[in-house]
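To start, the structure under review is shown below, and the notes come after it.
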Amino acid sequence: MTNISQTNPVLDVKNLAVTLTIYGRPVPVVTNVSFQVRAGEAVALVGESGCGKTMTARAIIGLPPDGARVGGSIQLEGRELTTLSKKDRRKLGGSRIGFIFQEPMTSLHPTLTVGAQLCDTLRTHLDLGRKEARDRAAQLLDRVGIPRATAMLDSYIHQLSGGMRQRVMIALAVSCKPALIIADEPTTALDVTIQAQVLDLLKEMRSELGLAMLYITHDLEVVSDFCDRAVVMYAGDIVEEGPVASILTAPHHHYTRGLIGAIPAHDEDRKRLTLIKGQVPPLGAWPAGCRFAPRCPRADEVCLKHPALEPFEESAVRCWHPVELKKKETSTLG
Amino acid sequence: MVKQTTASSPLLQVEDLGKTFGQKPPVQAVRGVNFSIAQGQTFGLVGESGSGKSTTGRLVLRLLEPSAGRVLFRGNDLGKLGKKELRQERRHMQMIFQDPYGSLNRWMSIRETLEEPLLVHGLLDPAGRKQRVETLLNEVGLPKAALDKYPHEFSGGQRQRIAIARALVTEPELIVADEPVSALDVSVQAQVLNLLLNLQESHKMTLLFISHDLRVVEFMCDQIAVMYLGQIMELGPRKAIYRTPQHPYTRALLDSIPGRGKKELPRLKGEIPSPSAIPPGCPFNTRCPLAFDRCFREQPALYELSPGHVSACHLAEAEGQPQGRPNNIAMSPGTGA
Amino acid sequence: MGKYIRRRLLHALPTIFIPLVLVFFLLRLAPGDPAVQILGDNATPEQIAALRTQLGLDQPLPIQFLLWLKGLFTLQLGDSLFFHKPVLELIPAYAAVTLQLTFFALVIAMVIGLSAGIAASLLRGKILDRGIIGVMVFSISLPEFWLALVLIFVFAVTLRWFPVAGYVSFDEGVWASLATLVLPALAIGVRQAALLTRMTRSAMLDVLDEPYVTTARAQGLPEATVIGRYTLRTAAVPVVTVIGLSVSYLLSGAVAIELIFSLPGMGKLLVDAVSRRDYPVVEGSVLTIAVTLVVVNLIVDLVYAWLDPRIRLK
C-alpha cells in the first residue's frame, strides 16, 4: 500500500464548508473538512445522522440541497470543481465520479427498464450507438454478477431482488470507468449475507478499475476489512482521521472511542455497552468550542476553544486531550 | 382467573407453530417452529428478511392467528382462550416495534400514551396511574416534562424509550421486541440496548428479541434460534451458537459480519428463495456450500449436539443425536454449555 | 395486456347500466305525462288514453322495465316522442357539438395546466411560481356560469371578437365554427386548467424530490433528459388521473354551458327532452354520456398501463 500514498490524490477536498439556509437563517452543516482519496484507496467517511457526511458527499458531486452554499476547494484528478460551470460539473458525474446510493429501490427509476437507464448514462458520456450501448450494458450487468444479463436489460427494478438491485446500481456507477466512486451506505438496507456479496463485488470493482472510493457509513466495523483509512465526522467537523485498523483498535478521539464502544463486541460476557452521554447537538446549535465537549468525559476549560485537527501518533485528531495509545487503560469510559 | 406458571414450566412454549398466508400460491411464512422461553430469559430470533422471525413474534402475541400449532403462555393455550380472557392475558405480554414513530399515536401526549394501556385494562386508580407513569418515565431516562409533549417533539431514540415505557406500564411478564434498535444510530442504539438490559433486570421480564443484526442478538440474548424460510435451522445457548455453530447457514451468517467471522466456508451464493416456493428437502439446499444429494431429498430433523443446542442439518447427524433422546455423546471440542 | 383491457371493460358495464336504470325509474316516478305533453292541453281523455296505449305507457311499471331492458340490449332505443325520429339518428348531431366543445376545453385545460404546472415546479419558490399559484387559486374559485357571462360581456359584447351565442357547424367554415366554441370552452376549461396546474405542479415537485432523479443528475444526464425522461414520465401518472376526472367535469360543464351559449349540444337536447317527457331521448342521451365516460376511463387506464409497467405486468 506504500505506492498509494505516493500517487497524486484522485479526490482532494480542502476546507470544505456547506451552509444551508433554514427559515432564512444560515446554518452550517459542514465546516473545514479536508481529506484526500487516492487511486485504489478506499476511505470510510464515518458518523451518525446529522454529522454532515452525506452533505459532504452531495457537495463533492455538485448536488447540494437547494439554497446551500458550498465553500472551500474540491479537486478531482487535479481539476478544481468549485469553479467549473454547472454544465461542465454535471458532465463529470457518471463519467469521472460514480455514485452508489443506499436504497437502490428508490434510487433507480421505477418505470424505465434497467437497460434504458444504463444506456442513458453510457450514451451521455461515451460516443456509442444504440446497439453498442445495449451490448455494453449487458456486459456490465454480467460483470456485476447478474444472471441472464441480456434478458435482464428489459426488466424493471421492482422485478429484481434487493441484492440484484444494488448490483444494477453498481453497474450504473462504474459504467463509464470513473476515477472515483462515492458509496453512501450501499449495504445498509441489505440482508447480511447479501451485504457480504455486495462488499465482495465492490472490492473486485475497486481493484479491477483502480478506483478511488469514498465509503459513507455509520458503522465503522462494517468497512473495517474494506477501507484503508477512515475519516470520522461529528457535528460537521472531522474529529479523527487515520488507518481503519488503528482507529478501530485504538481510537484517539473520545467520540470515536464512544462510537466504537457502542458496537456490541463479539464473544464477551454480557456487560453494558459504552455510552456517550446526551445527544448530538441539533444543527445551528453547535457549541462554540470543541463540539463534542458537552458530551465528553474528559472535557475541561480548554475545550471551550475549538481544537484544530492535529497529527497524533498514526492519525490526526481534533482534540485537546487525545487518548494516548501508550497510556490507554483497558477500562471503558464512563 | 387464568392459572399461574409454576417455577419449573417455561413462561412461553411454542409448539409446531405454522402460518400460511394467501392461496395462490400460498406463502409459508412459518413452519413447524418449536421453542420455549424460561422466565427472565432473553430469547433471540435471528434471520434475514423472509425468514419468518417477525411473523413468529406476531403469532406468539396472537396478533396473527396461527395456521398450525399452539402457543402456551403461562401454561395457557392462547388459542383456547375466549376473547375476554385473551384480552386479560394481553396485559402480561406487550410488544415493542421497530419504528417508534409509526407505533406511537401522534395525536396523543406522552402521558395519554402511557396511561392508555392502564385504562384499557382497568388497572390502578388515577393517582396510582399518575405515579406508575411518572416512575416508568424516570426509569427509561426521560424527564417529567416529557409527559405533556407529543411524539414529534422527540428524537428517534427518545421515542423508542417512550415505546418501551408504554410496553412496560402494565408490568407484563413477556415483551416481544421486533427489531427495536434497527432504526437508530449506533450510539443511540447502545443507549436503548443498555436500557433494555437494565429494565429486564429490575422488572424480571422475559424478552423475545427479534433482530437481523447478529451483533445485537449476541449482546442481548441467552438463547438464540436462527431462522431461515420460516424454520428454525439451529437453536442453542448464545455461546454455542456463536462459538461452535454447526449449521452451515449459521456459520455463513456469522462469516458475513464484516470485520468478523472465520471465513472458513465459501461465500453464500444467490439469495433467499421465495417463501411461496420453498425448495424440497432442506430449505437451505439452494445456497448451502456443503449440500449433498440427501439434502435435496430429505428434510433434516433437529439433532441435539449438546444440551439445548440443536441443528437441522444432515451433517449434524454424525455429531449429534435426534432430539429427545438422552444426551451422552462426546461434544465437539469447545462446545460451551 | 389483453386480460387487463378485458377486466377494465367488465368493470365498466355497471358504470353504464346503473345510471340508465336510475334514469328509467326517476323519469317514470316524476310527475308529468308524455302523452299530455305531446297532445297538448286541449286533448280529450280518450285521445290521451289511446296514445298511452300506443306508447306502452299503460302497462305496469315492471313490464315497461322489461320491455325497456330488451330494447336496451338490442339497441332499439325507440323513437323520440317529440321529433318522431329514431333516437339513434337524432343523437349524433347533438353529440358532435358537445364532444367538440369538451375536446376544445380539454385542449385549453391541458395546454395551460401542464405548461403552467411544469413551469411552476421547475421554478419552485420563485416569483413566477408564486404568480402561477395566485392565478390558479383565483381561477379555481370562479363559478363557470359567472365566468361565461363575464366572457360574453368582455369578448363578445364589448370587444366583439367572438359571437355572443349560437353555433356554426364545421361544414360552414372551420374558423367560424371554432369562434363559436372559444368562449364556452374557456368558460369551462379555465377551472380545469387551474386544477391541472395544481396537480401537475405538485406531482412534479414530488418526483423531483425522488432519489432516482438525484441519481439521474449524479450520473451526469443533461437536465433536459432528467426532466423530460426521468421526471415527467412518473409525474404523468397522477396527472393522467386528474385529466380523466377533468373530462367528466368538462362533459357535465358542457351540458350547462350550452344553455347559456345556446349551443345545440347534448345538454340542450337532454334538458328539452326532460321537460317534454321525451323518455327515449333522455335515456338515449344518458346512455351516450355514460358510454363516453367509460371510453374516457378506459383510455386513461390504458395510458396508465403504458406509463407504468408495474400496472401492466401485474
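To find a chain, count down the sequence lines: A is the first, B the second, and so on, and within it residues start at 1.
At least one donor-acceptor pair closer than 3.5 Å links the side chain of B/Asn194 to the backbone N or O of A/Leu273. Listed for the B/Gln191 side chain is a donor-acceptor partner under 3.5 Å among the backbone atoms of A/Ile276. Of the possible donor and acceptor atoms, one in the side chain of B/Asp185 sits under 3.5 Å from a partner among the backbone N and O of A/Ser49. The backbone N or O of B/Gly270 lies less than 3.5 Å from a partner atom in the side chain of A/Gln197, making a donor-acceptor pair. Formation of a donor-acceptor pair under 3.5 Å by the B/Glu271 side chain with backbone atoms of A/Ser161 is not found in this model.
For B/Ile272, no part sits under 4.5 Å from any heavy atom of chain A, backbone or side chain. Heavy-atom distances place no part of B/Ser182 under 4.5 Å from chain A, backbone and side chain included. Only the side chain of A/Leu199 comes within less than 4.5 Å of a heavy atom in chain B; its backbone stays farther off. For chain A, no part of B/Asp213 is nearby; none of its heavy atoms comes within less than 4.5 Å. At a 4.5 Å heavy-atom cutoff, the contact between B/Arg215 and chain A is made by backbone and side-chain atoms alike. Both the backbone and the side chain of B/Leu253 come within contact range of chain A, with heavy atoms under 4.5 Å apart.
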| message | Go through it in stages, so that I can follow the logic: the residues are B/Ser256 and A/Gln195, the test is side chain to side chain donor-acceptor pair (under 3.5 Å), and I'd like the CA-CA distance, side-chain angles, deciding distance and then a yes or no. | response | CA-CA 8 Å; B/Ser256 301; A/Gln195 165 174 297; over 6 Å; no
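Between B/Glu48 and A/Thr193 there is a side-chain heavy-atom pair separated by less than 4.5 Å. At a threshold of 4.5 Å between non-hydrogen side-chain atoms, the residues A/Gln279 and B/Ser155 count as touching.
Atom CZ of A/Arg148 has 12 or fewer heavy atoms from other residues, nucleotides or ligands within 6.0 Å. Other residues, nucleotides and ligands place more than 12 heavy atoms under 6.0 Å from the NZ atom of A/Lys203.
Distance check, rounded to the nearest 0.5 Å: NE2 of A/His218 to CD of B/Gln189 gives 7.0 Å. In this structure, CG on A/Asp191 lies 11.5 Å from CG on B/Leu268, to the nearest 0.5 angstrom. Taking CG of A/Leu259 as the start and OG of B/Ser187 as the end, the distance is 6.5 Å to the nearest 0.5 Å.
Across every non-hydrogen atom of B/Val186 and A/Ile263, the tightest pair is CG1-CG1, 3.9 Å.
Looking only at heavy-atom pairs under 4.5 Å with chain A, the residue among B/His212, B/Lys269, B/Gln158 that has the most is B/Gln158. When the candidates A/Val223, A/Val192, A/Leu220 are compared by the number of heavy-atom contacts under 4.5 Å with chain B, A/Val192 comes out ahead.
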